[in-house]
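A quick write-up on the structure given underneath.
In this chain, residues are counted from 1 in sequence order. Small disclaimer: the values here were computed from a predicted structure and weren't measured.
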Amino acid sequence: MKVSILVFKGCTPLSSVGPMDILWTAGRMNGDGPPSADPFFDVSLVSAGPNPLSAPSGLPFHCHATLEEVRSTDLVIVPAFDGDVMSQLEHNRAAVPWVRAMHDQGADVASICTGAFVLAEAGLLDGKTATTHWAAQDAFRRRYPRVRVLPEQIVVDHGRICTSGGATSFLTLTAYLVEKYRGPEAARLVAKIFLIDINKGPQTAYAIFHTQKNHEDRPILEAQEMIEHKGSREMSVADLALRVNMSTRNFIRRFKAATGNTPIEYIQRVRIESAKHVLESGTEPVDSVASRIGYDDVGSFRAVFKRVTGVSPTEYRKRYRFYHA
């Protein structure tokens, strides 16, 4: 199986080299026997620009081929961008029609992290579901309204098109591709070799709540500051509206338009982000954490926490608590 892994000027090197190493190993696995002399995967790095090119860190990439030199392939893997996605997409614009052409000729395609922007730009995701890095999902939705984002998913598979979440999701995606093309036994073996957690939790558990302030509605910015810095435990939506001299109805409408969240959703997200920090750094009981951030009903806290992060508070602590020597 011929695999072409793109390398962009401005990509995250790990998201190109990582899949190459895993597929190179998986292609040569022969159960418990010696490496196969006829590997299943024929893996190449394909430069979307000059060859060699440099990663943002200055690391030089000497690829096996360029876009012009690859006329056909069986699988294309698109890596993650490093830095501003839209500017990097423009710098690597030549990759968009090439990916579309390879797919039209019969190749499967898969993206890692913000590589999903290339697939969407090529029109391959129209009318489909997809995932990308949690921090890029809002920008992705705005640019590609015909694609439905599944924010919690690590991998979304549409048969010949796969997308995956954050940059290190290349581990899960590549193990998934090994299973898809070589079977579950090969996937389990490669997961053991590379210590890949193939049962990784939802991407929403990793997401950091960005307080949406990229707008110019000054009263709403003032309300956001009150929620974040003056506490929201005793502050209702009506109180917030009163403090910024608006009717409650108008306040809710403008808040949603400016931030993308209703005031209640915003308050919940701020509280849950505070809870995540407490859970990551200590052993305080869950009911105490709930009370600390403004929930008198621990059941309500657990329900909201799971809706926002995709896991329970206890499971979140198990996965992400910082351990100190």
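- The number of heavy-atom neighbours closer than 6.0 Å to NZ of K180, taken from other residues, nucleotides and ligands shown, is above 12.
- R302 places no side-chain N or O within 3.5 Å of a backbone atom of D297 that could act as its donor or acceptor partner.
- With respect to D42 and K2, no salt bridge is recorded, no charged nitrogen being found less than 4.0 Å from a carboxylate O.
- A salt bridge links E121 to R93: one of the charged nitrogens lies within less than 4.0 Å of a carboxylate oxygen.
- Although no hydrogens or angles enter the test, the distance criterion places no donor-acceptor pair under 3.5 Å between the side chain of T12 and the main chain of L14.
- With contacts defined as side-chain heavy-atom distances shorter than 4.5 Å, the pair W98/V76 qualifies.
- The pair D239-R243 does not meet the salt-bridge criterion, since no charged nitrogen lies less than 4.0 angstrom from a carboxylate oxygen.
- Checked by atom type, the side-chain pair H64/S4 shows no donor-acceptor distance below 3.5 Å.
- Using a 4.5 Å cut-off on side-chain heavy atoms (C-beta onward), L23 and M1 make no contact.
- Between V7 and P79 there is no side-chain heavy-atom pair separated by less than 4.5 Å.
- Between F40 and Y181, a ring centre-to-centre spacing not shorter than 6.0 Å is recorded.
- Taking the six-membered ring where the residue is Trp, the centroids of F81 and F8 are separated by under 6.0 Å.
- Two residues are said to be in side-chain contact when any heavy atoms from C-beta on lie closer than 4.5 Å; V308 and R269 meet this criterion.
- Side-chain contact between V3 and T73: absent, with no pair of heavy atoms (C-beta onward) separated by less than 4.5 Å.
- Salt bridge present: E284 and R292 bring a charged side-chain N and a carboxylate O closer than 4.0 Å.
- Within the 3.5 Å criterion, the main-chain N or O of E225 finds no donor-acceptor partner in the side chain of E228.
- Other residues, nucleotides and ligands contribute more than 12 heavy atoms inside 6.0 Å of the NZ atom of K128.
- Side-chain atoms of H158 come within 3.5 Å of backbone atoms of T129 as a donor-acceptor pair (strictly under, hydrogens ignored).
- Residues H133 and F140 form no side-chain contact, since every pair of their non-hydrogen atoms from C-beta on lies 4.5 Å or further apart.
- When atom types are taken as modelled, the side chain of R28 and the backbone of W24 share a donor-acceptor pair closer than 3.5 angstrom.
- Minimum interatomic distance between P19 and I77 (heavy atoms only, all atoms of both residues): CB-CD1, 4.4 Å.
- Checked by atom type, the side-chain pair Q105/R71 shows no donor-acceptor distance below 3.5 Å.
- Because its NZ or CZ atom is not both nearer than 6.0 Å to the ring centre of F117 and within 45° of the ring axis, R143 does not count as a cation-pi partner of that residue.
- Y295 is not listed as a side-chain neighbour of V289, based on a closest heavy-atom distance of 4.5 Å or more.
- The two atoms that bring L119 and A110 nearest to each other are CD1-C, 4.4 Å, heavy atoms only.
- The pair D126-R146 counts as a salt bridge, with a side-chain nitrogen and a carboxylate oxygen less than 4.0 angstrom apart.
- Smallest separation of non-hydrogen atoms from K9 and L53: N-CD2, 3.9 Å.
- Across all their heavy atoms, S15 and I112 have their closest contact at O-CD1, 3.3 Å.
- Distance alone, capped at 3.5 Å, places no donor-acceptor pair between the T174 side chain and the L171 backbone.
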